[in-house]
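Written out below as structure tokens is the structure these notes cover.
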Amino acid sequence: MNQPGVQQIFFQHIKSNLASHLSLVDEVADLLNISNDSAYRRIRGEKPLSFEEISVLCASYKISLDQLLHLNNNSFLFSGPLIDRENFGFEKYLEHLLNQLNYFNSFENRELYFISKDIFIFHTFGFHELTVFKIFFWMKTILNYPFKSSDLFAMDELRESVFKIASKISDAYNKISSQEMWNIETIHTTIRQIDYYRQSKVFSSDQDAIAIYKGILSMLDHIEIQAEAGCKFAVSGKPNSMSASYKIYVNDFFLGDNFALANLNNTKVAYINHTFFNVLMTKDPVYTEYAYQHIQNMLRKSTLISNVGEKDRRRFFNSMREKVEARLRAI
């Protein structure tokens, strides 16, 4: 690590991952507990970094030494917190998600790509009954959180702070241009979750299921309106010149994993879901470029229904509504 060229590339990599309002010199000086002048000398390659300093910087900015030294060993560095009721509860998970979106919004050029087997989490947060159901289901059924009414779904069980975070997440998401790949199966996961609660008698009455299904219909209406406009806006809002671009692609033959990729000033960050909720993140350029090219390939083989393709767009959203309305008629 005593060659200035490698060291300068190292700091250039760190700078590319910093939000635009942050100073590389200030960040390095604070992390290494050194003066700004000492930080400058390290950044310029005039003073070699120690192994301890390399360790601190790699840990702080999630950098792999394999990646830094261009070692070709087919390994990639991923990181991410694990949801834990005691140390990293669901509310902290939502705060972490909000922080990630706010980080994305600190970049001038930002875009998100999504491939998912379920409705994208951000879409549900604009509709109260649907928000309550999804969060209650995740917390009680997936994460085994204790609730006062241990066996029954309750609309008032969630703290107000959870709804406030969910609302902020929705607002932050609407500021980021995104491209999403949908499939007719995307709606099925939520429908099966509602069916499970009905069959298990978790709902206090069928009115709960009816309210949630109506929430899904309202959500689909709003998503379709955004797709038609080709941009994002709040449920009660309207598109304007500042609205973020929004593209939906339909792919009839590909059922993907839960995967997201952010492109931030041409620096790519990949996110992979595992164990239902937990997320692994990497900025490894080899992996993220591979993932980005894979997404581009899948989008080329999909049908764009935003701005264009009115017939395909109506057919797609109507087919999802029919599935929800069939459940309502059955109730």
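A ring-centre distance under 6.0 Å is found for F137 and Y197.
A donor-acceptor pair shorter than 3.5 Å can be found between the side chains of E289 and Q293. Using modelled atom types and a 3.5 Å distance limit, the side chains of R315 and N318 yield no donor-acceptor pair. T186 and N183 share no side-chain donor-acceptor pair at under 3.5 Å. Counted by atom type alone, R110 and N263 present zero donor-acceptor pairs between their side chains at under 3.5 Å. Looking at S167 and S170, their side chains never bring a donor and an acceptor atom within 3.5 Å of each other. The closest side-chain donor-acceptor pair between D26 and N36 falls under 3.5 angstrom. Looking at T303 and D312, their side chains never bring a donor and an acceptor atom within 3.5 Å of each other. Defined by atom type and a distance below 3.5 Å, a donor-acceptor pair is missing between the side-chain atoms of S245 and K232. Q179 and Y246 share no side-chain donor-acceptor pair at under 3.5 Å.
Sequence neighbours left out, not one pair with a member in residues 306-330 passes ring-ring contact (aromatic ring centres under 6.0 Å, His included).
Counting only distance, with no hydrogens or angles, the side chain of T131 and the backbone of F127 share a donor-acceptor pair below 3.5 Å. Of the possible donor and acceptor atoms, none in the side chain of E228 sits under 3.5 Å from a partner among the backbone N and O of S306. Judged by distance alone, with hydrogens and angles left aside, the side-chain atoms of R313 form a donor-acceptor pair with the main-chain N or O of I305 at under 3.5 Å. Using a distance-only test at 3.5 Å, with no hydrogens or angles considered, no donor-acceptor pair links the side chain of N102 to the main chain of A172. A distance-only check finds no donor-acceptor pair linking the side chain of T124 to the backbone of F120 [under 3.5 Å]. The backbone N or O of Y196 lies less than 3.5 Å from no partner atom in the side chain of Q199, so there is not a single donor-acceptor pair. Side chain of N265 to main chain of N109: a donor-acceptor pair is present (N/O by atom type, distance under 3.5 Å, no hydrogens or angles). With S243 contributing its side chain and N240 its backbone, the two residues share a donor-acceptor pair below 3.5 Å. Of the possible polar contacts, none joining the E91 side chain to the V162 backbone as a donor-acceptor pair under 3.5 Å is found. With S106 contributing its side chain and Y103 its backbone, the two residues share a donor-acceptor pair below 3.5 Å.
Salt-bridge formation is not detected for the pair R192/D195: no Lys NZ or Arg NE/NH1/NH2 atom is positioned less than 4.0 Å from an Asp or Glu carboxylate oxygen. Look at R198 and D208 and you find no salt bridge, because none of the NZ, NE, NH1 or NH2 atoms lies under 4.0 Å from a carboxylate O. One finds no salt bridge joining E185 and K117 here, because no Lys/Arg side-chain nitrogen approaches an Asp/Glu carboxylate oxygen to under 4.0 Å. A salt bridge links D118 to K134: one of the charged nitrogens lies within less than 4.0 Å of a carboxylate oxygen. The residues K175 and D171 are annotated as not salt-bridged, no charged nitrogen and carboxylate oxygen being separated by less than 4.0 angstrom.
Y173 is linked by a ring-ring contact (aromatic ring centres under 6.0 Å, His included) to F122, H123, counting only residues two or more places apart in sequence or in another chain. For R314, the side chain to side chain donor-acceptor pair (under 3.5 Å) partners are E310, not counting sequence neighbours.
V132 places a side-chain heavy atom less than 4.5 Å from the side chain of F163. By the 4.5 Å heavy-atom criterion applied to side chains, P285 and Y290 are not counted as neighbours. A heavy-atom distance below 4.5 Å is not found between the side chains of V269 and L261. Residues Q12 and K15 form no side-chain contact, since every pair of their non-hydrogen atoms from C-beta on lies 4.5 Å or further apart. Between Y271 and Q100, some side-chain heavy-atom pair lies under the 4.5 Å cut-off. For the pair L299 and L304, the minimum side-chain heavy-atom distance is 4.5 Å or more. Using a 4.5 Å cut-off on side-chain heavy atoms (C-beta onward), S60 and V56 make contact.
If you take CG on L220 and CG on L217, they are separated by 6.5 Å, rounding to the nearest 0.5 Å. Taking CE of M219 as the reference point, atom CD1 of I212 lies at 12.5 Å (rounded to 0.5 Å). Remark: M320 CE to H188 NE2 distance equals 10.0 Å, nearest 0.5 Å. The structure places CZ of R327 at 10.0 Å from CD1 of I216, a figure rounded to the nearest 0.5 Å. Remark: F203 CZ to I210 CD1 distance equals 10.5 Å, nearest 0.5 Å. The line from OH of Y93 to CG of L82 is 12.0 Å long, rounded to the nearest 0.5 Å.
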*Before giving the answer on salt bridge (charged side-chain N to carboxylate O under 4.0 Å, His left out), spell out for K247 and E180 the whole-Å C-alpha distance, their side-chain angles and the decisive distance to 0.1 Å.*
CA-CA 6 Å; K247 295 180 180 180; E180 301 174 356; over 6 Å; no

*Please test I272 against T282 for side-chain contact (heavy atoms from CB on, under 4.5 Å), starting from the C-alpha separation and ending with a verdict.*
CA-CA 9 Å; I272 301 175; T282 184; over 6 Å; no

_Stepwise side-chain contact (heavy atoms from CB on, under 4.5 Å) test for D284 and F78_ = CA-CA 8 Å; D284 185 281; F78 284 81; over 6 Å; no

*With salt bridge (charged side-chain N to carboxylate O under 4.0 Å, His left out) as the test, would you mind laying out the steps for R42 and E53 before giving the verdict?*
CA-CA 10 Å; R42 286 163 173 79; E53 291 171 337; 3.1 Å; yes

*What's the verdict on salt bridge (charged side-chain N to carboxylate O under 4.0 Å, His left out) for R321 and E224, showing C-alpha distance, side-chain angles and the deciding distance?*
CA-CA 11 Å; R321 289 191 189 94; E224 184 177 13; 2.2 Å; yes

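The 12-atom threshold is not exceeded at OH of Y40, counting heavy atoms of other residues, nucleotides or ligands nearer than 6.0 Å. Atom CG of N33 has 12 or fewer heavy atoms from other residues, nucleotides or ligands within 6.0 Å.
Taking the six-membered ring where tryptophan is involved, the planes of Y113 and Y292 are perpendicular, since the angle between them exceeds 60° and thus also 30°.
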